[in-house]
**Student:** 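The structure that follows is given in the form of structure tokens.
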Amino acid sequence: MTGTERDGAQVSTGTTADATGEGTAIPELVIISGMSGAGRSTAAKCLEDLGWFVVDNLPPALIPTMVDLGARSQGNVARIAVVVDVRGRRFFDNLRESLADLAAKKVKRRVIFLEASDDALVRRFESVRRPHPLQGSGRIVDGIAAERDLLRELRGDADLVIDTSSLNVHELRAKMDAQFAGEEEPELRATVMSFGYKYGLPVDADLVVDCRFLPNPHWVPELRPFTGLNEEVSGYVFNQPGAKEFLDRYTELLQLIAAGYRREGKRYVTIAVGCTGGKHRSVAMSEKLAHRLVSEGVETVVVHRDMGRE
């Protein structure tokens with residue numbers, strides 16, 4: 001079932017887990033949370049369309065019970081996505097207790113957190129003329145601040161953070177499909193995102209790479225109109241001193257990090273590659289880096305956040 005509330009939603013990933021007892025198998029579990037107005041309903045509908053069993057706004061204390069029921073379904077409920085809406089301190093305490101219970105039962109679970117900037121959230125609430133659920137007698141920004149404070153710990157523990165600030169409904173669905181449409185989940189899935197520092201750091205980045213140590217093709221008149229997807233621009237970038245060496249050494253570093261992520265059970269990583277405008281150097285480096293990751297067996301999605309904004 002799927003909720004109709006504007007900002008309740010779901011997401012998730014995975015395959016049926018190992019059997020825990022005769023005739024039972026623990027379902028894969030994904031917990032969807034995040035900021036009100038960040039697109040949880042859209043994410044939930046996308047997961048439901050991909051065949052997940054979705055429960056919207058389930059009280060956290062009932063999550064272990066839902067998993068137990070799925071385990072008794074004789075394989076009919078192999079993947080469960082639960083949308084949780086944290087609005088009170090006791091509610092949050094119940095969520096932490098449920099996560100601890102799931103860990104003790106060795107349930108394979110993932111936490112997906114939907115994020116958006118304050119400006120984007122304010123615009124969305126104003127467009128539907130609804131108050132923020134935590135603003136009380138204050139302003140929308142007061143409710144957003146209270147929710148960020150309440151969710152800070154959960155966001156820090158999330159396996160995947162998706163920033164929807166600049167995404168429309170179709171773009172969010174495309175991003176969800178790219179992450180979760182596969183029948184078999186890879187050991188590690190990476191998003192390599194180019195960006196421009198002039199437009200701000202991506203809030204969902206796990207790792208940030210700065211390419212501003214390389215000469216800027218913007219100052220080469222014949223290259224300025226093009227992007228890092230252009231062969232001449234890419235050739236110019238990688239003919240600069242240190243460019244190829246940086247790519248080689250950073251790839252080696254990512255191999256080390258990826259091995260650690262796998263050991264810790266982290267399935268997703270977002271690598272943000274920046275330059276001044278997000279048009280030339282970061283785009284070229286992102287494309288090469290993604291190619292290296294694919295060659296290492298890491299399923300990789302490339303996103304050029306700011307290309308075309310100038």
Side-chain angles (χ1 to χ4, degrees), residues 115 117 120 160-179 181-182 186 188-258 268-310:
E115 172 69 278
S117 68
L160 176 64
V161 177
I162 300 178
D163 178 18
T164 68
S165 301
S166 60
L167 302 180
N168 60 35
V169 171
H170 304 293
E171 290 168 336
L172 176 55
R173 288 187 64 92
K175 194 161 188 174
M176 292 292 299
D177 285 339
Q179 294 289 346
L188 182 65
R189 181 179 280 121
T191 297
V192 179
M193 177 188 300
S194 68
F195 74 95
Y197 278 93
K198 64 192 287 185
Y199 301 113
L201 287 169
V203 298
D204 52 348
D206 296 297
L207 305 169
V208 178
V209 179
D210 189 351
C211 291
R212 291 175 295 181
F213 71 94
L214 297 170
N216 193 346
H218 175 82
W219 304 114
V220 181
E222 58 269 27
L223 298 179
R224 183 180 301 174
F226 302 103
T227 72
L229 298 177
N230 178 271
E231 291 185 6
E232 292 184 7
V233 173
S234 182
Y236 174 86
V237 170
F238 283 97
N239 281 330
Q240 301 303 317
K244 293 178 181 177
E245 292 82 358
F246 176 82
L247 178 62
D248 291 339
R249 295 181 185 181
Y250 193 68
T251 300
E252 293 176 0
L253 178 61
L254 286 178
Q255 292 171 348
L256 178 65
I257 294 173
Y268 313 97
V269 59
T270 297
I271 305 163
V273 183
C275 63
T276 303
K279 179 179 179 180
H280 297 112
R281 294 165 292 180
S282 62
V283 172
M285 186 66 72
S286 293
E287 290 289 329
K288 294 288 188 182
L289 184 59
H291 181 76
R292 293 285 186 92
L293 290 174
V294 170
S295 69
E296 295 291 332
V298 178
E299 186 172 324
T300 306
V301 175
V302 184
V303 177
H304 299 302
R305 191 193 73 173
D306 299 323
M307 191 172 67
R309 293 185 67 170
E310 291 186 346

**Student:** Just list the side-chain donor-acceptor pairs under 3.5 Å for residues 227-238, sequence neighbours left out, or say none.
**Tutor:**
residue : atom : partner : partner atom : Å
Thr227  : OG1  : Leu229  : N            : 3.2
Asn230  : OD1  : Glu232  : N            : 2.8
Asn230  : OD1  : Val233  : N            : 3.1

**Student:** Counting heavy atoms not belonging to Arg309, are there more than 12 under 6.0 Å from its CZ?
**Tutor:**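 Yes.
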**Student:** Mark yes or no for whether Ser165, through its side chain, and Ser117, through its backbone, hold a donor-acceptor pair below 3.5 Å.
**Tutor:**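 Side chain of Ser165 to backbone of Ser117: a pair is present.
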**Student:** Answer whether the closest heavy-atom distance between the side chains of Met193 and Ile271 falls below 4.5 Å.
**Tutor:**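 Counting from C-beta outward, Met193 and Ile271 never come under 4.5 Å.
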**Student:** Okay, side chain of Thr276, backbone of Arg212: is any donor-acceptor separation there less than 3.5 Å?
**Tutor:**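 Pair absent, no side-chain N/O of Thr276 close to backbone of Arg212.
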**Student:** Measure the shortest side-chain to side-chain distance between Lys175 and Thr164 over non-hydrogen atoms and say whether it is less than 4.5 angstrom.
**Tutor:**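 No, too far: nothing below the 4.5 Å cut-off.
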**Student:** Would you check, one step at a time, whether the test salt bridge (charged side-chain N to carboxylate O under 4.0 Å, His left out) holds for Asp163 with Arg305?
**Tutor:** CA-CA 11 Å; Asp163 178 18; Arg305 191 193 73 173; 5.6 Å; no
**Student:** Ignoring hydrogens, what is the shortest heavy-atom contact between Gly278 and Ser194? Give both atom names and the distance.
**Tutor:**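 Looking at all heavy atoms of both residues, the closest pair is O-OG, 4.4 Å.
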**Student:** Would you say Lys288 has more than 12 foreign heavy atoms packed within less than 6.0 Å of its NZ?
**Tutor:**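 Incorrect, the count does not exceed 12.
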**Student:** Should Arg224 and Pro217 count as side-chain neighbours, where that means a heavy-atom distance under 4.5 Å?
**Tutor:**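 Arg224 vs Pro217: side chains apart.
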**Student:** Is the shortest side-chain heavy-atom distance between Arg189 and Val298 below 4.5 Å?
**Tutor:**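 The answer is no, as the side chains (C-beta and beyond) never meet within the 4.5 Å cut-off.
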**Student:** So which atom in Arg292 and which in Ser295 form the shortest heavy-atom distance, rounded to 0.1 Å?
**Tutor:**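 Shortest heavy-atom separation between Arg292 and Ser295 comes out as O-OG, 2.5 Å.
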**Student:** May I ask you to decide if Ala284's main-chain N or O and Glu287's side chain share a donor-acceptor pair within less than 3.5 Å?
**Tutor:**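 No, because the side chain of Glu287 does not come within donor-acceptor range (under 3.5 Å) of the backbone of Ala284.
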**Student:** Below 4.0 angstrom, N of the basic side chain to O of the carboxylate: do Asp306 and Lys198 qualify?
**Tutor:**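 Salt bridge flag = no for Lys198 with Asp306.
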**Student:** Give the intermediate values and the outcome of side-chain contact (heavy atoms from CB on, under 4.5 Å) for residues Phe246 and Met285.
**Tutor:** CA-CA 10 Å; Phe246 176 82; Met285 186 66 72; 3.8 Å; yes
**Student:** With side-chain contact (heavy atoms from CB on, under 4.5 Å) as the test, would you mind laying out the steps for Thr191 and Thr300 before giving the verdict?
**Tutor:** CA-CA 6 Å; Thr191 297; Thr300 306; over 6 Å; no
**Student:** With side chains defined as the heavy atoms from C-beta onward, is the minimum distance between Gln255 and Glu296 less than 4.5 Å?
**Tutor:**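 When only atoms from C-beta onward are counted, Glu296 and Gln255 do touch, with a gap below 4.5 Å.
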**Student:** State whether the number of non-hydrogen atoms from other residues, nucleotides or ligands found under 6.0 Å of His291 atom NE2 is greater than 12.
**Tutor:**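 No, the 6.0 Å shell around NE2 holds no more than 12 heavy atoms from other groups.
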**Student:** Starting at OG of Ser166, measure out to OH of Tyr199 and round the result to the nearest 0.5 Å.
**Tutor:**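 With rounding to 0.5 Å, OG (Ser166) is 12.5 Å from OH (Tyr199).
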**Student:** Rounded to the nearest 0.5 Å, what separation is found between the SG atom of Cys275 and the NE2 atom of His280?
**Tutor:**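 Cys275 SG to His280 NE2: 8.5 Å, rounded to 0.5 Å.
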**Student:** Which residues satisfy the ring pair (Phe, Tyr, Trp, His ring centres under 6.0 Å) test with Phe195, sequence neighbours excluded?
**Tutor:**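 Here the qualifying residues are Tyr197.
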**Student:** Taking side chain as C-beta onward, heavy atoms only, is Ile162 less than 4.5 Å from Met176?
**Tutor:**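 Heavy-atom side-chain distance check passes, below 4.5 Å.
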**Student:** Run through Val192, Thr270, Val269, Val273 and flag the one making a side-chain contact (heavy atoms from CB on, under 4.5 Å) with Leu207.
**Tutor:**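 Testing each of Val192, Thr270, Val269, Val273 against Leu207, the sole residue satisfying side-chain contact (heavy atoms from CB on, under 4.5 Å) is Val269.
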**Student:** Donor-acceptor pair, distance only, cut-off 3.5 Å: does the side chain of Arg281 make one with the backbone of Leu214?
**Tutor:**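 Looks like yes, one N/O pair under 3.5 Å.
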